[in-house]
Amino acid sequence: GGFTVWRSFDEPGGIRDQLYQIARDNRNLVKLQVLGKTGQGREIIAVKVTQAANETPDGARPAVLYSSTQHAREWISTEVNRRLLNHYVNKFKANDKDVKRLLKDTELWFVVVANPDGYQYSFDTERLWRKNLRDNDNNGVITVGDGVDPNRNFDEHWDYDNEGSSSTTASDTYRGPSRASEPETKAMQGLLDRIKPKFQSNWHSAGQWILYPQGWQTGSPEADNPIYVALAGTDAKPAIPGFDPGISSDELYVTNGETTDYADVRNGTVSFTPELSEGCDGCGFVFPDDEALVEAEFQKTLPFSLSLANSATDPANPKSA
Ligand code: 0X9
Ligand code: ZN
């Protein structure tokens with residue numbers, strides 16, 4: 001508690017309450033869905049934003065998925081995504097012509113806290129917690145050795161090698177006991193398979209990149225895919241100012257069982273991992289609790305977010321940021 005910007009999942013007025021509130025206040029526009037429950041019983045929540053949200057079957061319109069907070073400590077990802085949700089709803093209510101048209105033809109999905117147990121733990125106990133809260137040693141208490149990395153547990157090249165993920169339970173990139181073993185993974189995979197989004201932005205931090213698949217190998221097949229290049233931009237003109245676009249395995253490191261690889265390979269989703277800024281030099285995952293800095297980070301990413309939404313009806317001809 002006591003933060004200006006940051007809100008935990010559980011607290012009154014926290015992220016969970018806010019998601020329910022925005023759905024209650026906008027019944028014709030915002031539909032809330034519980035995708036599953038975590039190990040500690042928290043809800044993994046998705047909201048769909050589209051005109052006639054309740055009457056329109058999920059996936060009936062070209063979909064875009066904005067997901068965040070797979071990694072507990074990456075609070076800026078939560079906040080950028082929450083502001084993006086509010087942005088669309090507020091613009092629609094203000095009768096913005098472009099957003100009204102967009103939400104007639106397109107459905108936008110938000111999973112603001114993909115790892116609610118870990119996120120809550122990062123407020124209550126350990127600010128730098130990354131993983132979920134699987135009790136790896138089954139001793140009834142969560143300690144440093146526990147948790148699975150939600151971004152190494154997906155059923156795509158899971159356990160492909162020991163470079164891109166770890167079999168050691170205490171590792172921050174522990175891949176879990178089996179493919180898609182975690183409720184957080186099942187929830188996200190289930191949603192991806194059901195709505196088959198044209199585009200996904202899976203917000204993470206920190207480092208100022210716009211990463212894209214496939215992360216399990218270097219020299220990935222998407223390197224020359226003009227749709228990825230058009231939307232992420234180039235080194236000279238990145239879609240988010242100051243961010244470095246490129247194949248995740250080449251720009252950063254190899255991963256296996258990663259979310260955007262699953263989305264790309266299984267569902268043909270053009271799926272990005274933007275790594276948001278630190279907020280200050282050396283801040284790392286602890287983005288400052290500063291309204292102006294957080295809002296600036298959101299505004300910086302907005303053209304990229306809008307470009308995904310505005311390209312969904314004709315994904316082969318992307319409208320770059
Ligand atoms: O390691 C991750 O899951 C992501 N970075 S973070 O610092 N937020 O943990 C990056 C995932 C992107 N994919 C690859 N680098 N292959
Ligand atoms: Zn991350």
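Order of listing sets the numbers, starting from 1, for every ligand and every atom in it. Computed from a predicted model, the values in this text were never measured in an experiment.
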Problem set entry | Top protein contact for atom 14 (C) of ligand 1, by heavy-atom distance | S248 CB, 3.2 Å
Exercise. Given side chains that start at C-beta, do those of R73 and W129 come closer than 4.5 Å, heavy atoms only?
Worked result: no
Problem set entry | side chain to side chain contact (heavy atoms under 4.5 Å, CB included) partner of F154, chosen from R266, M188, E258 | M188
Problem set entry | Aromatic Y174 / basic K131 pairing, under 6.0 angstrom, 45° off normal | no
Exercise. Does E275 put an N, O or S atom under 2.8 Å from the Zn ion (ligand 2)?
Worked result: no
Problem set entry | Metal-centred angle, OE2 of E74 through the Zn ion (ligand 2) to ND1 of H204, rounded to 10 degrees | 150°
Exercise. Taking just the N, O or S atoms of H71, which one is nearest to the Zn ion (ligand 2)?
Worked result: ND1
Exercise. So, for F243 and W209, is the gap between ring centers shorter than 6.0 Å?
Worked result: no
Exercise. Centres of the Y66 and F110 rings: under 6.0 Å?
Worked result: yes
Problem set entry | Nitrogen or oxygen atoms of E74 and ligand 1 under 3.5 Å apart | yes
Exercise. Non-hydrogen atoms of P213 versus ligand 1: any pair closer than 4.0 Å?
Worked result: no
Seminar exercise, completed: Min over W209, Y253, Y212 of heavy-atom distance to atom 15 (N) of ligand 1 lands on Y253
Problem set entry | Contact check, Q70 vs ligand 1, heavy-atom distance below 4.0 Å | no
Exercise. What do we get for E251 next to ligand 1 when only non-hydrogen atoms under 4.0 Å count, side chain, backbone, both or neither?
Worked result: neither
